[in-house]
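Values below: every heavy atom of this structure, side chains too, minus hydrogens, waters and symmetry copies.
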Amino acid sequence: VSLLGSTETVNLNDPSSFNIGNGPWRWRDAQRTALREIYQQSGSWLHGGGLQALDAMDIVNLNINGGYIPENGAVYPDHEFGEQLQVLAQMIKLDLGLQVATVDLGGWDTHDAQGDGSNGYFADLVAELAGGLGAFYQDLDGGGSQNHASRVTVVVQSEFGRELYENGDAGTEHGYGNLMLVLGGNVNGGFHGQFPGLAPGQLVDETDLGVTTDYRQILSEILVRRQGNAALDVIFPNYQGYEPLGIVQGTDIQDPGGSIFTDGFEGGTADAWGASVG
């Protein structure tokens, strides 16, 4: 289903180097001009993709002015995840029409030696996630027109949960229930949903946290309230019974057909990890 949407995505690690990489810099303009002339001679999907890539380079390069300096005292952690978030913050501030972005943080699929409490592999990975998100929000959380955090909604979601009990290798196995984190200037802080409990009789198969909230309910609320997108039947086929949990701010309107939509347009949604900008 995720492949049914738009494929017009741009992948970049550093906006300042988002350019043709071969040959001396003084040749790049000539290369791009020549490539554009070649791509314009055919209407094939390949040539169309080439033109889109060149257009993306032109837009980004036109708006990049030197190196990026984070604002509001933000210091991004020195790892790939932090670097990706810094690039994302830069693209948001350029205000070039970015609506949805996804950043992955891997390494969670472990089953042994995860550590204990605040020490060890798992704790280090959580710290990497928290440090990156903290710097990202601080960077965007300026005043007045620079309050980009007010139009950004971040969702943190994993594809699997964890069993409650430790296994024999000082780790945990995959489980059912998990949590989702939502961050943004228009997020209503606190716990949302229903906690199933950890007592033996409340666990699934006596090992797993129960699932009480469909992840599509959370993403649907963000789509409706922060991105103004009410096409939930298209985005999540066969999903029914949506009701907002009050996670994000926004005005819901009930139309005669029963669909929920909003009259606002700001911010958004995520995949494995993502943020959207209105």
Side-chain angles (χ1 to χ4, degrees), residues 2 5 9-13 15 68 70-77 79-108 125-143 146-161 178-193 213-229 235-236 244-250 262 264-278:
S2 64
T9 61
V10 175
N11 298 303
L12 55 85
N13 292 323
Y68 177 70
E71 297 178 299
N72 310 312
V75 178
Y76 286 88
H79 47 58
E80 183 178 0
F81 182 62
E83 294 172 357
Q84 290 176 334
L85 292 177
Q86 178 171 307
V87 169
L88 180 55
Q90 181 179 9
M91 296 303 297
I92 290 172
K93 293 178 183 180
L94 288 176
D95 201 17
L96 300 178
L98 176 67
Q99 293 188 26
V100 179
T102 302
V103 177
D104 292 329
L105 175 59
W108 301 91
L125 198 54
V126 171
E128 182 176 347
L129 173 66
L133 291 179
F136 179 72
Y137 190 87
Q138 183 176 354
D139 190 6
L140 297 178
D141 192 28
Q146 299 304 306
N147 185 12
H148 303 284
S150 65
R151 61 191 184 99
V152 174
T153 305
V154 177
V155 177
V156 181
Q157 179 181 4
S158 175
E159 60 183 300
F160 52 80
N178 202 352
L179 56 79
M180 294 173 65
L181 304 176
V182 184
L183 173 70
N186 283 284
V187 173
N188 297 317
F191 178 82
H192 299 272
T213 304
D214 192 318
Y215 75 96
R216 293 173 295 184
Q217 182 179 6
I218 299 172
L219 297 183
S220 292
E221 179 178 335
I222 295 171
L223 283 168
V224 170
R225 290 189 170 186
R226 304 309 312 152
Q227 207 169 31
N229 190 339
I235 299 171
F236 299 120
L245 292 170
I247 298 173
V248 295
Q249 300 171 18
T262 181
F265 180 82
E266 287 183 281
T269 185
D271 197 30
W273 181 90
S276 288
V277 186

Might you point out which heavy atoms bring Gln90 and Pro15 nearest each other, and give the distance in Å? OE1-CG, 3.4 Å
Of all the heavy-atom pairs spanning Glu128 and His79, show the shortest one and how long it is. CG-NE2, 3.1 Å
Side chains of Phe191 and Leu179: closer than 4.5 Å at any heavy-atom pair? no
Under 3.5 Å: donor-acceptor pair, side chain of Glu221, backbone of Leu245: yes
Quick one: does Lys93's side chain get under 4.5 Å of Leu140's, heavy atoms only? yes
Test item: Arg151 and Ile92 side chains (from C-beta on) under 4.5 Å apart, heavy atoms: yes
Quick one, Ile218 and Gln157 - any side-chain contact, counting heavy atoms below 4.5 Å? no
Tell me whether Glu71 at atom CD has more than 12 heavy atoms from other residues, nucleotides or ligands lying less than 6.0 Å away. yes
Closest non-hydrogen contact found for Leu125 with Gly107 is CD2-O, 3.5 Å
Look up atom NE2 in His148 and atom CZ in Phe136, then write down how far apart they are to the nearest 0.5 Å. 10.5 Å
Between Pro70 and Gln86, is any pair of side-chain heavy atoms under 4.5 Å apart? yes
List the residues meeting side chain to side chain donor-acceptor pair (under 3.5 Å) with Glu83, not counting sequence neighbours, and say none if there are none. none
Quick one: list whatever passes ring-ring contact (aromatic ring centres under 6.0 Å, His included) with Phe160, sequence neighbours left out. His174
Kindly write out the residues that satisfy salt bridge (charged side-chain N to carboxylate O under 4.0 Å, His left out) with Glu159, not counting sequence neighbours, or none if the list is empty. none
Go through the structure and list residues passing side-chain contact (heavy atoms from CB on, under 4.5 Å) with Tyr137, not counting sequence neighbours. Asp141, Ala149, Leu183
Heavy-atom side-chain contact between Met180 and Leu219 under 4.5 Å: yes
Would you say Asp139 and Tyr76 are linked by a side-chain donor-acceptor pair, where the criterion is simply a distance under 3.5 Å? yes
Partner set under side chain to side chain donor-acceptor pair (under 3.5 Å) for Asn72, not counting sequence neighbours: none
In the structure I gave you, are the side-chain heavy atoms of Leu223 and Phe236 within less than 4.5 Å of one another anywhere? yes
Residues passing the side-chain contact (heavy atoms from CB on, under 4.5 Å) test with Val126, sequence neighbours excluded, are Trp108, Phe122
